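For reference, the structure discussed in these notes is given below.
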Amino acid sequence: MGTEHEENEPTKGDDPSQQDAVSIADVSVEVATVDHTLQKLRRMYRKTRRKPKGLQRLWVRLLNIPHLAVIIAAVVFVVVVIMWSLLWVFIFRRESNSGVYFAGMFRVANVEFIPEYRQAESLEFVSMANKIQHVVSNVYKMSSVARLYKQAVISDLSNNNKGGVLVHFWMVFVVPRLKSTAVCEECVGAIFKDSVHTSMKNRSSVGYLLGLPVDIDSILINAVQRSDYSSNGAGSQCVDKLYANLPGTSVPLNVFSSWGVTCHVKLTAVPGSLIRLTVSSFLIEPSDCVNDALTVYDALLPMRGRILHRLCEPVSTSFSLVSTSNVMLLSFRMTNGNKVFRGHFEAIAEEICLSQIETQLKPDISGQIYSPFYPSLSPPQCACTWKFKTPGRNLGVALHFQNYVLKPKNLKACDQGWWRINEIIFCGNYVGHQTTFRISDHSPEVEFRCSSRNSAQPFQASYSSYNISQPCPESHFLCSTGLCVEKSRRCDGLDDCQDESDEVFCSRPTKNCGGKSPLHPLFVCNGESDCNNGRDEINCTQETTCSAIRYQCNSGSCILKKNAKCDGVYDCRDRSDEADCVCGHPSVVKKVVSPKGQERIVGGDNSVEGEWPWQVSLHFSGNLYCGASVLSSDWLISAAHCFSKQRLSDPRFWSAHLGMLTQGSAKHVAEIQRIVVHEYYNAYTFDYDIALLQLKKPWPPSLNPLVQPVCLPPTSHTVTQSHRCWVTGWGYRSEDDKVLPSVLQKAEVSIMSQTECKKSYGPVSPRMLCAGVSSGERDACRGDSGGPLTCQAPGGGRWFLIGIVSWGAGCGRPNLPGVYTRVNKFTSWIYSHIS
Ligand code: 4AZ
């Protein structure tokens, strides 16, 4: 660590007899009965020595052979019994007790903070800490867990924005393993709160414990690991304390480490202020929090309920976050190698976020509103109120968000922002697209409150007036996302509204090849001759305005041709459409025709070697769990739901089998360095079901062509009737199959329209696509998840990753197709991570 070191020595236990003998870190050692056993042995020995007379005679008799055998057997027996007893005493009894550790905090009201409390060695600190320890011990020694309670240690006394002194403390219980639930986190917290509660007077939140005024609302007790205590508590070599004593002045905070350490930096700011921590850079190895991590706490001890932010990836662009009070703890875990943290912190004033806003008459953007402390991440608690006024009673207020949506609150709690707009409650949610929220009132009051458990992404919204009776201009259509899109964009096969509300109730587009009116955009430059006169495929490479339907060259200019990427023709002036095209081109493979009756899963067939060189078998703890596809020499792509639970998100349990046809015969097995799950993945709806996996080491180029990346479709990519699409994987061959196939299976499926997909499943998000056959006989199944749905352009072009196996109702059921993640919705998200 490169920060200044100032050791923080907590006070010893409150029981004087224990003060020197027991440190919390040692309590799981149980030695009580060893002396007892030895005394017994000594007594036995003395008894045998008290019979000297018959001893010689006895000795002679013993030398008699049959007796000797009996005696030897008896001695062996006794030795075994003694050994067993000792084993029991030293190992089993010792193991059956363990220390259960807690970190806690509460506010002592009506006590004045004095600067000496910052020094754990000062008489003032020791005296106050002893008093508080005594109170805490008294609470637990009078409780149902008195026999298990061991000790409390006061670690910090700090000044507090609400007045009084904020106390942070450790607590330990020694619990027989079988009874470990007796000191659950809730129970330990409830015991303390109950004691305060029973001593509360009037309607205040302060109760008196042996005369100590404790604020019940400030009590928080969290279970912690023994290692948290040993690295942060008594005797730790790596705890620093830094102070921001003046508001606004920035205190540098730089940490360097070249060997594995766990270090803690405690930040305290002047009372009445908050702390803003700025992370300028953090150079660590990305490992999904397994090796290197920085955890920022909204407290001075590592309390789970007070995590503000976790950083497990290297940071090169600066960002900041804000605490909810004047303390903060930075916990660094850094493995061997040069690790560097650069940043600073400062004391900032609590934001009074209340403003009156007058919008303009014109429907143009009038201004912006921001989340509190923007552009810093929002703290878990904050509030803002905006009082709008428009120039006329017929004008409402429109809020335009970049990546945030407001929805009426349902039974679930809001965890990404709580909003009250004219007394109606809404929940905010981060999404991957723009939305507009309209308030049909000329003077609405909009209240926002932070409601996430940890620091949350900031938001920004622009506001404008709008005509309540006609929200969109005449030539525009109102989407359910609140956006206004040109009427000509309705039913153009493109999700302009971001929720496809412009693409419902659409009749099949007519080709209109002969007429003068413009062709339906679906047919324009899609690479297929839809009109005999060729009208749909002319001037496709001329530069035009950009939209999601048009291919964008690296220069930024756009062309009409939708599938320009890697089609073997230079379409962009800068030729960028044919750059990075070592993908989606399997080596020539022998065509193997399956004998009749040998068709595999859900209409699948055995693949042949090298047919799907991007196919990956992902193994969790050694067993096939999901599929994936190769994107580059060190990145794979898969489904988020494969990694959504605790252990599944740990890259150490995963391995990627590349260049494999038959299970067990991979050309290369790669370890995973980190897993990036899409930040908007929703485990209930499977929306944004996409994840990226970075390999520890790139696969060797010599594996090409048996291992090869698949091509990533540009956003404009369209799949037409003449594309051929296949789903591949080692998943089950039918819904109730018990055995997985060993040979990679493939099944040809058709991409269905979103309208057809919704007929089967009701609402499906624009980030999903359905594929299958109406009979259901060809489909993906369990075990195929995360694997590829690839399509090849007509004429033997390259293969593009169009979908990722995501979900479906059963497998192979009629009219219930497989649902896939629509990959071209994520092209820029993917590039933002892998390039
Ligand atoms: C699954 O559980 C799964 N028939 C994958 C695909 C489908 C159904 C289930 C589609 O991984």
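Remember, it's 1-based here, ligands and their atoms both numbered in the order they're listed. Being a predicted model, the structure only gives us computed values, none of them experimental.
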| query | With under 30° as parallel and over 60° as perpendicular, where do the rings of W829 and F826 fit, or are they tilted in between? | reply | perpendicular
| query | Who passes salt bridge (Lys or Arg N to Asp or Glu O under 4.0 Å) against R782, sequence neighbours left out? | reply | none
| Who passes salt bridge (Lys or Arg N to Asp or Glu O under 4.0 Å) against D580, sequence neighbours left out? | none
| request: With sequence neighbours left out, write down each residue that passes side-chain hydrogen bond (donor to acceptor under 3.5 Å, both in side chains) with H723, or none if nothing qualifies. | output: T720
Are any protein N/O atoms closer than 3.5 Å to the N/O atoms of ligand 1? If there are, list each pair with names and the distance to one decimal place.
unit_1, atom_1, unit_2, atom_2, d
ligand 1, 4 (N), D779, OD1, 3.3
ligand 1, 4 (N), D779, OD2, 2.7
ligand 1, 4 (N), A780, O, 2.8
ligand 1, 4 (N), G810, O, 2.9
ligand 1, 11 (O), S785, OG, 2.5

| Distance-only donor-acceptor check, side chains N526 and T718, under 3.5 Å | no
| query | Any salt bridge between K667 and E609, counting N to O under 4.0 Å? | reply | yes
